[in-house]
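Every chain is numbered from 1 and lettered A, B, ... according to where its sequence line falls, protein lines coming before strand lines. As a basis for the values below, the full set of heavy atoms in this structure was taken, side chains included, without hydrogen atoms, waters or symmetry mates.
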Amino acid sequence: MPQDTVSSAKLPRVRFAPSPTGYLHVGGARTALFNWLFARHTGGTFILRIEDTDFERSSEEMVGGILEGMSWLGLDWDEGPFYQSKRLDLYKETAAKIVAGGHAYPCFCTKEELEQRRKEATAAGRPPMYDRRCRRIPKEEADARIAAGQPAAIRFAVPEGGSTSFNDAVFGKVEFSNAEIEDFVLLRSDGIPTYHLSVVADDIDMRLTHIIRGADHISNTPKQVLQYRALGAELPIFAHVPLILGPDKTRLSKRHGATSVIAYKQMGIVPEAFRNFLSLLGWTPGGIKDENGKDREIFSSEELIKLFTLEGISKSNAVFDNDKLAWFNTEYIRAYPVQALLPLIEEEWKLAGFTATRSKDEIAHAIELLKPRARNLKDFATAFRSYFADEYEIDPAAAAKFLTGNVPTLLVELGDRYAAAAEFTEASTETLLRGFAEEKGLKAGALINGSRVALTGQTVAPSLFAVMMALGQKRVAERLKKVPQPIA
RNA sequence: GGCGCUAUCGUCUAGGGGUUAGGACGUGAGAUUCUCAAUCUUAAAACACGGGUUCGAUUCCCGUUAGCGCUACCA
């Protein structure tokens, strides 16, 4: 046995820390997924932390939405959810420690004053950074003003010279001149921490080892590094993940359509498909070949966990491609065993207020038949309705294409033949139809296509005789006899 | 504007000092003729630009351009 066995203290601890100011969006979900994958890959701990210190914009409802999205994606966490709103004491203590160390000071400027000065600075072409005027207030005076009840925010005293850098696991060394970093607010005058303080306080308190988050946080990182130093805490490893963009290459937002993860569920996307698709946005296992020597794209959760590394994260932003997601979805639906698909389909039926009037076996048979042609779970409640219930619409376009001439009339007669047929197998139904077509002197194809529309209401369907087997003799006969006749 | 980051087909990406620059999605064409958004075959499609370094750069370095991010008592 190696004497230096892995102690649990060494295992990675990571977190997903959404702000409940909206539903779980695609970008957040991807961040959560990467953290989860990393934790599961390394045997580490995945923590969920709700960053709800913006009381005006946060809501419990949004927390519920985020949790719902996480569970839909199958991302389970080991600790939490922790709520920052319940940990305010920790932030106050942390701020006090930074002040005590001489790295922060009270600031008496009001929000209005600051805004005014910022406006002036911008107008004058100067950088709109805080001018640090309160930093020069003597300690006695500051103490006196606080004692007198004047509200004060706590600002971090950023070093005047030099630079602050960190080694990012994705981007490498990133350096910022301290002159570019303003004396940011740690604690607001009402005692509520800002993001800058609460992340650091929590990340230290929760003993996080790796901070995997969106690249939009790169610019914030030096502010956090400064606090780690002021607190004498060990720096975690930062890994910034490139952003997900819309088709127009701007940051993905509502303008691009669905951004909430739950919206994809509602569109009939299978969670594993979504997860697989998301995992490959901004990350690559590095050219894993399939048996044909082609790069693989379909990976099970287990494979993803096994393959995931921080090194595989790419540096450039990725565009969210709905077409590719749709492809993953069809691949997953196709590959799913019926038994796995059934509960998902049943949920769709429920949502559509639909009741399948079929036996379990008939349902399973139909699903198996339909899987290769499904684009999403919704299809089973809409386009494929005729396989599961007897009320269904005939697509007018399909009727216009194939229920023409004397075909409808002949289909009625064909219905009688099927009703009277002694045998009803895939082979026998085909023989019967082809014989009937020959007898009537027209191409079998015309009757096949017409039958398909009459039987399913659709032009997209499996092989007609397979469809007949799924429907059964009685329904085939009835539906053919009920085929709508052309009005003229 | 300032600061930071990035740059391979339309999109996701593999690759990496010498390659016919590979795959996938999407798109085009053909096949199947029992339809189809299914299936099969096939085609078009990329190293942003300019300088270096080098025998040789798509690959390494610098610059330009473009894109994105940050620039709050939001997170």
Side-chain angles (χ1 to χ4, degrees), chain A residues 17-21 51-54 56-58 107 109-111 114-115 118 122 125-130 151-155 168 171 174-177 179-182 184-190 192-196 198-199 214-222 240 242-243 245 247 249-251 277 280-290 292-298 314-328 330 334 372-375 379 383 398 401-402 430 433 443-453 456 458-465 467:
Chain A
S19 164
T21 54
E51 309 218 323
D52 56 352
T53 53
D54 182 346
E56 309 207 334
R57 297 196 303 150
S58 300
C107 172
C109 302
T110 66
K111 206 171 175 178
L114 292 168
E115 206 162 312
R118 211 169 9 245
T122 315
R126 281 179 284 122
M129 277 171 63
Y130 177 60
I154 302 297
R155 281 186 188 270
D168 194 281
F171 292 97
V174 183
E175 185 169 25
F176 290 82
S177 165
E180 301 295 333
I181 309 170
E182 76 172 341
F184 53 97
V185 171
L186 253 20
L187 212 55
R188 296 183 261 213
S189 49
D190 61 3
I192 305 300
T194 63
Y195 163 75
H196 299 300
S198 57
V199 246
D216 49 339
H217 285 291
I218 289 179
S219 310
N220 290 326
T221 309
H240 287 96
L243 302 179
L245 311 178
K249 305 273 187 92
T250 65
R251 215 227 269 243
F277 169 67
L280 261 17
L281 275 185
W283 173 78
T284 169
I288 304 284
K289 307 287 188 208
D290 64 16
N292 299 318
K294 297 184 172 176
D295 288 356
R296 283 186 58 197
E297 309 235 38
I298 304 284
S314 47
K315 293 186 175 75
S316 48
N317 295 339
V319 173
F320 188 94
D321 182 358
N322 270 303
D323 287 335
K324 187 124 188 191
L325 170 60
W327 174 76
F328 271 103
T330 58
R334 197 168 284 206
R373 265 158 247 260
R375 283 138 44 245
D379 282 343
K401 191 170 176 189
F402 293 122
E430 178 160 7
L433 185 141
K443 282 170 68 180
L447 286 178
I448 287 173
N449 291 330
S451 299
R452 175 178 297 106
V453 174
T456 69
Q458 300 287 316
T459 190
V460 176
S463 162
L464 177 68
F465 306 103
V467 170

If you compare every side-chain N and O of R118(A) against the phosphate oxygens of C73(B) (OP1, OP2), does one of them come in below 4.0 Å?
yes

Using a strict threshold of under 4.0 Å (side-chain N to carboxylate O), is an ion pair present between E182(A) and R155(A)?
no

F320(A) and F277(A) aromatic centres sub-6.0 Å:
yes

Sugar-phosphate, base or nothing in reach of L464(A), heavy atoms under 4.0 Å
base

Write down the distance between CZ (F402(A)) and P (U33(B)), rounded to a whole number of angstrom.
15 Å

Which nucleotide sits closest to the side chain of I218(A): G1(B), C34(B), G4(B)?
G4(B)

Here the distance between atom C1' of G4(B) and atom CG of L243(A), to the nearest Å, is 13 Å

Look at R188(A) and A75(B) and indicate whether a side-chain polar atom (N or O) is within less than 4.0 Å of OP1 or OP2.
yes

Counting primed atoms plus P, OP1 and OP2 as sugar-phosphate and everything else as base, spell out the protein contacts along nucleotides 20-28 of chain B at 4.0 Å heavy-atom distance: B, S or - for each nucleotide, 5' to 3'.
--BBBSS--

Without decimals, in angstroms, what is the distance between K111(A) NZ and A72(B) P?
12 Å

Check: N317(A) side chain, L243(A) main-chain N or O, donor-acceptor pair, under 3.5 Å
yes

What integer number of Å spans the C1' atoms of G22(B) and A75(B)?
41 Å

Could you tell me which non-hydrogen atom of A461(A) sits nearest to which non-hydrogen atom of R452(A), and how far apart they are?
CB-CD, 3.7 Å

Check: A75(B) base within 3.5 Å donor-acceptor of N220(A) side chain
yes

Heavy-atom pair of closest approach, residues E430(A) and F465(A)
CA-CE2, 3.3 Å

How about NZ on K249(A), more than 12 heavy atoms from neighbouring residues, nucleotides or ligands closer than 6.0 Å, or not?
no

May I ask you to verify if any side-chain N or O of S314(A) is less than 4.0 angstrom from the OP1 or OP2 atom of U13(B)?
yes

Spacing of the P atoms in A21(B) and U35(B) (rounded, Å):
40 Å

The test is side chain to side chain contact (heavy atoms under 4.5 Å, CB included); show your working for I218(A) and F176(A) and say whether it passes.
CA-CA 10 Å; I218(A) 289 179; F176(A) 290 82; 4.1 Å; yes

Using the C1' atom as the reference point in each nucleotide, state the distance between G2(B) and A45(B) in Å, no decimals.
39 Å

May I ask you to evaluate whether K315(A) reaches the phosphate of C68(B), defined as a side-chain N or O under 4.0 Å from OP1 or OP2?
no

Could you tell me how far apart I288(A) (CD1) and G15(B) (P) are, to the nearest whole angstrom?
10 Å

Do R251(A) and C68(B) share a donor-acceptor pair, side chain to base, under 3.5 Å?
no

Measure distances between side-chain N and O atoms of S463(A) and base N and O atoms of C34(B), and say whether any donor-acceptor pair falls under 3.5 Å.
yes

Contact summary for T53(A) and I192(A), nearest pair of heavy atoms
O-CG2, 3.6 Å

Residue matched to U19(B) through Watson-Crick or wobble contacts both under 3.5 angstrom
none

Could you tell me which non-hydrogen atom of A383(A) sits nearest to which non-hydrogen atom of Q458(A), and how far apart they are?
O-CG, 3.4 Å

Going by purine N1 to pyrimidine N3 plus the second Watson-Crick contact, or the G-U wobble pair, all under 3.5 Å, which nucleotide sits opposite C40(B)?
G30(B)

Between the base of C73(B) and the side chain of S189(A), is one N or O donor paired with an acceptor at under 3.5 angstrom?
yes

Of the listed A75(B), C12(B), G69(B), the closest approach to the V319(A) side chain comes from C12(B)

When rounded to the nearest Å, what value does the distance between P atoms of A29(B) and C36(B) take?
15 Å

For the pair made of CE in M129(A) and C1' in G1(B), what is the distance, rounded to whole Å?
14 Å

Watson-Crick or G-U counterpart of C3(B), or none if no pair lies under 3.5 Å:
G69(B)

Just the rounded figure in Å: distance from P of G4(B) to CD of E175(A).
9 Å

Whole-Å distance separating the NZ atom of K249(A) from the P atom of A66(B)
15 Å

Side chain of N317(A): nearest nucleotide among G4(B), C70(B), C68(B)?
C68(B)

Now, which nucleotide makes the Watson-Crick or G-U wobble pair with C49(B), with each of the two distances under 3.5 Å?
G63(B)

With a non-hydrogen cut-off below 4.0 angstrom, is P18(A) in contact with a base, only sugar-phosphate, or nothing?
nothing

Quick one: which of U35(B), C74(B), U11(B) gets closest to the side chain of K401(A)?
U35(B)

Mate of A57(B) across any strand shown (Watson-Crick or G-U wobble, both atom pairs under 3.5 Å) is none

May I ask you to decide whether R375(A) forms a salt bridge with D379(A), counting only side-chain N to carboxylate O separations under 4.0 Å?
yes

Write down the distance separating the P atoms in C62(B) and G4(B), rounded off to the nearest Å.
13 Å

Pairing partner of A14(B) (Watson-Crick or G-U wobble, both distances under 3.5 Å)
none

How long is the line joining CG of L186(A) and P of C74(B), in whole Å?
13 Å

If each of A215(A) and L114(A) is mapped to the nucleotide of RNA chain B with the nearest heavy atom, which maps nearer the 5' terminus, i.e. the 5' end?
A215(A)

Are T53(A) and A75(B) close enough that a side-chain N or O sits under 4.0 Å from OP1 or OP2?
yes

Would you say C73(B) has OP1 or OP2 under 4.0 Å from some side-chain N or O of R155(A)?
yes

R334(A) or R373(A): which one's nearest nucleotide on RNA chain B is closer to the 5' end?
R373(A)

Please determine whether salt bridge (charged side-chain N to carboxylate O under 4.0 Å, His left out) holds for the pair D216(A) and R251(A), giving the CA-CA distance in whole Å, both sets of side-chain angles, and the decisive distance to 0.1 Å.
CA-CA 10 Å; D216(A) 49 339; R251(A) 215 227 269 243; 3.4 Å; yes

If the P atom of U11(B) is compared with that of G26(B), how far apart are they to the nearest Å?
16 Å

